[in-house]
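In what follows, chains carry the letters A, B, and so on, assigned in the order in which the sequence lines appear, proteins first and then strands, with residues in each chain numbered from 1.
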There are 2 protein chains.
Amino acid sequence: MALSAALLAAAGELTQRIHEGVVARGFEGLRPAHGFAFARLAPGGATVTELGAHLGMTKQGASQLVDEIVRRGYAERRPHPDDARARLIVLTERGRDCTRAAEESAAEAVAAWAELLGEGEVRALRDGLLRIAPYGPIRPAW
Amino acid sequence: MALSAALLAAAGELTQRIHEGVVARGFEGLRPAHGFAFARLAPGGATVTELGAHLGMTKQGASQLVDEIVRRGYAERRPHPDDARARLIVLTERGRDCTRAAEESAAEAVAAWAELLGEGEVRALRDGLLRIAPYGPIRPAW
DNA sequence: CCATATAGTCAAGTAGCTTGACCACTTTGG
DNA sequence: CCAAAGTGGTCAAGCTACTTGACTATATGG
């Protein structure tokens, strides 16, 4: 098995585990894509257009995604402090709870790997991946 | 940035690069999901049901995907040698060319990483990921 | 042989996007 | 200061890649 196949398989596995962990902690009706939205919203919120750029989709698509998470109580639309056209999307308390749940699930998955590989090798993995992965908009893995 | 985020970002980046490489080599109208189908079909073909299980979708969904790649000349449906109900989906010559193009693109991306990390570290990355990634059906990364 | 299971397809429905049109507000520059 | 162009957001319609449900053809096990 090649590096590329292993990487994609590991990413798929991780996504699945995070999602299962989030559901197990009582947050339903969410898809993995929402997690990336939450991550972008968590530090201070974002506009719909910024969110769309981050997720690699149109602002209309992002707006629909925001509709969903607002309807489920994870976020809310506030007037933007500096621009009357814009709205600042911010997480609610429930949204922050859910974000923490996702972080815990991710940490759990990584901890399971640490048992297989050992702490040192996990750190090496992390460092290698960090040097590979560029910052920027999220891309769907497939 | 955490390991999990780096892993997902690297996987997204890789998928994007493979896809770009495949397009650059003249194979259009394909999505990343098709690559996983090709990988399953390459060694001796598979039935629609097997393909669906591998891709984590229903047999109807897999059948529609097969319709597409057959229409574009990448695969063909043959009678199954042992079971008159079933059909064996096999890659055409063009399908095998496309599979090779994808492998080349993946190798190119990995080679670029090797320049950043060095051969040894890439091998370490590969080994670590292989010990993490289980075999089994493909899961969408999100 | 007959009952049940399995492979595949057809048809209709759905979710999650896209594109296009539009309004509200902001920025730019003469 | 104001007109023109740009930007943020939404609404509506359409599309695509799936899903579920129903069905036919073949296989399998008692």
Side-chain angles (χ1 to χ4, degrees), chain A residues 12 15-16 19 23 28-38 40-41 44-72 74-90 137-142, chain B residues 12 15-16 19 23 28-38 40-41 44-72 74-90 137-142:
Chain A
T15 304
Q16 170 104 351
H19 186 250
V23 170
E28 301 197 15
L30 292 172
R31 284 167 287 113
H34 293 127
F36 293 96
F38 283 29
R40 179 66 182 78
L41 296 178
T47 66
V48 162
T49 299
E50 287 165 351
L51 191 57
H54 181 247
L55 297 175
M57 62 170 65
T58 60
K59 59 185 182 176
Q60 294 94 324
S63 186
Q64 290 174 16
L65 191 149
V66 168
D67 283 345
E68 262 187 83
I69 63 179
V70 166
R71 196 177 335 114
R72 296 183 195 273
Y74 294 109
E76 55 186 13
R77 288 180 162 99
R78 294 198 186 154
H80 195 285
D82 308 330
D83 188 336
R85 295 170 303 178
R87 293 160 172 239
L88 192 63
I89 317 300
V90 295
I138 293 293
R139 308 180 193 289
W142 59 83
Chain B
T15 304
Q16 169 107 348
H19 186 252
V23 170
E28 301 198 15
L30 292 172
R31 284 167 288 113
H34 293 126
F36 294 96
F38 283 29
R40 179 65 181 80
L41 295 178
T47 67
V48 161
T49 298
E50 288 165 351
L51 191 56
H54 181 248
L55 297 176
M57 62 169 66
T58 61
K59 59 185 182 175
Q60 295 93 324
S63 187
Q64 290 175 17
L65 191 149
V66 168
D67 283 345
E68 263 187 82
I69 62 179
V70 165
R71 197 178 334 114
R72 296 182 195 273
Y74 293 109
E76 56 186 12
R77 287 181 161 99
R78 293 199 187 154
H80 195 285
D82 308 331
D83 188 337
R85 295 170 303 178
R87 292 159 174 241
L88 192 64
I89 317 300
V90 295
I138 292 296
R139 307 180 194 286
W142 58 81

Self-check item: Quiz item: Arg85(B) side-chain donor-acceptor pair to dT6(C) base, under 3.5 Å
Solution: yes
Exercise. Mind checking Thr58(A) for me? I need base, sugar-phosphate or nothing, with any heavy atom below 4.0 Å counting as a touch.
Key: base
Exercise. Return the nearest nucleotide to the side chain of Arg31(B); candidates are dC18(D), dG8(D), dT18(C).
Key: dC18(D)
Practice problem: Could you check which of dG9(D), dC11(D), dA25(D) has an atom nearest any side-chain atom of Gln60(A)? | Solution: dC11(D)
Quiz item: Separation of Leu55(B) atom CG from dA17(D) atom C1', in whole Å?
Solution: 13 Å
Quiz item: On DNA chain D, nearest-nucleotide positions of Gln64(A) versus Leu88(A): which is more 5'?
Solution: Leu88(A)
Self-check item: Among dG9(D), dA25(D), dG8(C), the nucleotide that comes nearest once only the side chain of Ala86(B) is considered
Solution: dG8(C)
Exercise. For the side chain of Leu65(A), starting at C-beta, report the closest nucleotide among dC17(C), dG8(C), dG21(D).
Key: dC17(C)
Self-check item: Nucleotide of dT9(C), dA27(D), dG8(D) approaching Thr47(A) most closely (side-chain heavy atoms)
Solution: dG8(D)
Exercise. For Arg77(B), enumerate each residue passing the side chain to side chain donor-acceptor pair (under 3.5 Å) test, keeping only those at least two apart in sequence or located in another chain.
Key: Ser63(B), Asp67(B)
Exercise. Starting from the 5' end of DNA chain D, give me the residue, Ile89(A) or Asp83(B), whose nearest nucleotide shows up first.
Key: Ile89(A)
Quiz item: Nearest of dT9(C), dG16(C), dT18(C) to any side-chain atom of Met57(A)?
Solution: dT18(C)
Quiz item: How far does the helix from dC1(C)-dG30(D) to dG30(C)-dC1(D) bend, going by the axes of its first and last five pairs, to the nearest 10°?
Solution: 30°
Quiz item: dA25(D), dT26(C), dG9(D): which one has an atom nearest the side-chain heavy atoms of Ala84(A)?
Solution: dT26(C)
